[in-house]
Protein chains: 2
Amino acid sequence: MAEQRIPRATAKRLPIYYRYLNILLDADKTRVSSTELSEAVKVDSATIRRDFSYFGALGKRGYGYDVPKLIEFFKKILNQDQLTNVALVGVGNLGHALLNFNFHQNSNVRISAAFDVNDNIVNTVQSGVPIYPLSEMGKQLRDQQIAIAIITVPENTAQEVTDELAKADVRGILNFTPRRLSVPDSIRVQNVDLTNELQTLIYFIDNYGELLGGNEKSQD
Amino acid sequence: MAEQRIPRATAKRLPIYYRYLNILLDADKTRVSSTELSEAVKVDSATIRRDFSYFGALGKRGYGYDVPKLIEFFKKILNQDQLTNVALVGVGNLGHALLNFNFHQNSNVRISAAFDVNDNIVNTVQSGVPIYPLSEMGKQLRDQQIAIAIITVPENTAQEVTDELAKADVRGILNFTPRRLSVPDSIRVQNVDLTNELQTLIYFIDNYGELLGGNEKSQD
DNA sequence: GCGGTCTTGTTAGCTTAATCACAACGACAA
DNA sequence: TTGTCGTTGTGATTAAGCTAACAAGACCGC
Ligand SMILES: NC(=O)c1ccc[n+]([C@@H]2O[C@H](COP(=O)([O-])OP(=O)(O)OC[C@H]3O[C@@H](n4cnc5c(N)ncnc54)[C@H](O)[C@@H]3O)[C@@H](O)[C@H]2O)c1
Ligand SMILES: NC(=O)c1ccc[n+]([C@@H]2O[C@H](COP(=O)([O-])OP(=O)(O)OC[C@H]3O[C@@H](n4cnc5c(N)ncnc54)[C@H](O)[C@@H]3O)[C@@H](O)[C@H]2O)c1
């Protein structure tokens, strides 16, 4: 049995579906159609059905999808049935906001350790998360079995921090700096470049504006 | 003359190129090849040449690209030759970090007005940016000719804020809330969903890890 | 001026993703 | 039980994007 690999584009949408399904459940809705979902998450209904179908026949024809069933299913797929600890490197402006937020409202992810070079904050606890000096990073990551790190350090130190993370066998990095990181094949990088995001938006508005009619579908 | 429309994927890369070109110039490098650029921004060199070629023949064979010339060119394309004012709605955790950062280090964009409902911060100035009450939003946006807004409000107020922005004829929204916004066709939305980003990263690591060999190219 | 060396610009093929459109099938009412 | 209606799952089609490969052209040392 072929164990089909899920397309990248589909994988990126799974958390969006998962999130909205939980909202439905909170509102005591136990069934949903692809059309209805489409409306809420702004993804074409055919795309949703195709996405779901990669995992088998999850719905019932003439009825739709059973919300609790879908949730249970996606919870496993997305590893949301267990807590994932991640690390934060660089507790400045942005890092502080992320620490405070800490993701645990609607997802089973939390920042369990933070690292910085600033002596004023090192060895304190912020929003319930201990901040360690950089020198302890390797040890802590290994002890706590942390495989994912968020980088919010100044751009010019991003690569060296990354190299340290690689040594500690981190598997994934969420990179908020504008620097494109060099990493070994074993590490996956996800860039979040807010300045880019804004510039791209400006470009689109100035150059694409007039001639996209009602065909505006996926927004990203 | 056909005035070819630039592919969306290319448009998203332009700010990345632009940024790195400026770094090169700061280091007094006046020429660069697609291969060298590729190394730095982690985009295949053929893709870079293709991207550039949409704008005409910008390089010289056997030589490469002239950095100052490229910068001048992209500066216009990306509207970086003039200051773009944007608004920020919701000065909480995340909004505060963005205000402080304010993008003006390496881009010609700045937050020039912020809005909130919290009486404790309304009518103060933070990081040089005035914070107005929500009731003044329409007026300020129009007076300051602001066409782009960043939304960092709690999820449950995101849609109503959006509706207000639409009334003020905003053209683009950078949405940090997990809610997928409903907007008229005239508005472009760019979602930045950090929880999603993390969940997707976790999914990829747990499910794609082993079998992607050295072919790991574009990281996003 | 010339040969060798680089690097572009672009063609062609490939891969991934989105969308249409509808037969198949289950739900539900009578 | 039967017929209608609604919604899925999916083959076929179209669109978008990526990359290998290479001819054409420009540089540079001699
Ligand atoms: N703040 C924003 O809104 C924003 C927006 C877009 C991009 N960014 C990017 O995010 C990154 C962080 O931005 P910021 O505004 O939070 O910066 P910041 O200067 O406020 O914070 C950086 C933190 O990293 C720490 N640090 C420095 N070197 C370190 C090292 N080697 N190891 C560990 N920690 C180290 C500093 O002590 C500081 O606490 C930057 O690369 C910036 O370009 C930030
Ligand atoms: N903080 C993070 O790191 C983070 C990470 C991921 C996603 N987000 C998302 O970003 C959004 C903001 O997060 P936050 O942590 O900054 O929240 P926050 O509660 O700290 O800040 C929200 C701010 O919005 C203001 N506000 C409330 N209603 C408003 C309205 N109708 N108009 C204008 N302002 C209003 C509040 O007064 C407050 O200042 C949330 O949707 C959250 O899900 C935040």
Side-chain angles (χ1 to χ4, degrees), chain A residues 2 4-14 16-17 21 24 29-67 69-70 73 200 204 208 212-220, chain B residues 2 4-14 16-17 24 29-67 69-70 73 200 204 208 211-220:
Chain A
Q4 178 79 34
R5 176 150 253 76
I6 274 53
R8 175 181 286 242
T10 295
K12 289 197 188 171
R13 285 187 291 263
L14 296 183
I16 303 176
Y17 300 144
L21 288 170
L24 285 180
K29 288 210 55 171
T30 60
R31 69 183 266 193
V32 68
S33 71
S34 59
T35 318
E36 193 185 344
L37 249 179
S38 170
E39 181 65 25
V41 300
K42 319 288 180 200
V43 173
D44 186 90
S45 70
T47 301
I48 292 178
R49 292 198 298 280
R50 163 93 57 207
D51 283 347
F52 287 4
S53 77
Y54 287 118
F55 301 99
L58 299 177
K60 284 188 232 175
R61 291 167 195 237
Y63 177 90
Y65 299 90
D66 183 70
V67 175
K69 184 180 158 190
L70 274 190
F73 194 82
T200 304
F204 277 137
Y208 281 57
L212 42 82
N215 61 344
E216 197 49 29
K217 295 288 177 62
S218 76
Q219 44 177 238
D220 277 297
Chain B
Q4 180 78 32
R5 176 151 253 78
I6 274 53
R8 173 182 288 242
T10 296
K12 289 197 188 172
R13 283 187 292 266
L14 296 183
I16 303 177
Y17 301 143
L24 285 179
K29 290 209 53 171
T30 59
R31 69 182 263 194
V32 67
S33 72
S34 59
T35 317
E36 191 184 346
L37 208 46
S38 169
E39 182 64 28
V41 300
K42 318 291 181 198
V43 173
D44 187 272
S45 69
T47 300
I48 292 179
R49 293 199 296 282
R50 156 95 52 201
D51 283 348
F52 286 5
S53 78
Y54 287 118
F55 301 99
L58 299 177
K60 285 189 235 178
R61 292 168 193 234
Y63 176 90
Y65 298 91
D66 183 69
V67 175
K69 183 180 160 191
L70 273 191
F73 194 83
T200 304
F204 278 137
Y208 281 57
L211 31 149
L212 42 81
N215 61 345
E216 196 51 25
K217 296 288 178 60
S218 76
Q219 44 178 238
D220 277 299

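Across the protein-nucleic acid pair, A:Ile48 atom CD1 and D:dT7 atom P stand 14 Å apart, rounded to whole Å. If you take CZ of A:Phe55 and C1' of D:dT10, they are 17 Å apart, rounded to a whole angstrom. Protein atom NZ of A:Lys69 is 12 Å distant from nucleotide atom C1' of D:dT8, rounded to whole Å. Spacing between atom OH of A:Tyr65 and atom P of D:dG6 amounts to 17 Å, rounded to whole angstrom units. Note: CG (B:Asp44) to C1' (C:dT15) measures 14 Å, nearest angstrom. Here the C1' atom of nucleotide D:dG17 and the CG atom of A:Asp220 are 17 Å apart, to the nearest Å. Rounded to an integer number of Å, the gap from A:Asp51 CG to D:dT10 P is 13 Å. In this structure, the CZ atom of B:Arg49 is 15 Å from the C1' atom of C:dA12, given to the nearest Å.
Every residue two or more places apart in sequence or in another chain was checked for a side chain to side chain donor-acceptor pair (under 3.5 Å) with B:Arg50, and none qualifies. In this structure, the side chain to side chain contact (heavy atoms under 4.5 Å, CB included) partners of B:Ser45, at least two apart in sequence or on a different chain, are B:Ser34, B:Ser38, B:Arg49. In terms of the side chain to side chain contact (heavy atoms under 4.5 Å, CB included) criterion, residue partners of A:Leu37 (sequence neighbours excluded) are, by chain and number, A:Tyr20, A:Val32, A:Val41, A:Ile48, A:Phe52. Every side chain to side chain donor-acceptor pair (under 3.5 Å) that A:Lys29 has, sequence neighbours left out, goes to A:Glu36.
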### Task
Can you check each nucleotide of nucleotides 11-16 of chain D against protein heavy atoms at under 4.0 Å and return B for base, S for sugar-phosphate only, - for none, in 5' to 3' order?
BB----

## Note on the structure
Each nucleotide of nucleotides 23-30 of chain D classed B (base within 4.0 Å of a protein heavy atom), S (only sugar-phosphate) or -, in 5' to 3' order, makes BBBSSS--

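In plain terms, the two heavy atoms of B:Phe204 and A:Arg8 that are nearest each other are CZ-CG, 3.8 Å.
Comparing C:dA18, C:dT19, C:dT7 by their closest approach to the side chain of A:Arg13 singles out C:dA18. Of the candidate nucleotides D:dT19, C:dT8, C:dT19, C:dT19 has the atom lying nearest to any side-chain atom of A:Thr47.
Nearest-nucleotide positions on DNA chain C place B:Gly56 closer to the 5' end than the other of A:Ala46 and B:Gly56.
Among the protein residues, A:Phe52 comes within range of no part of the nucleic acid, since none of its heavy atoms lies under 4.0 Å from any strand. At the heavy-atom level, A:Ser34 lies under 4.0 Å from the strands shown only through sugar-phosphate atoms.
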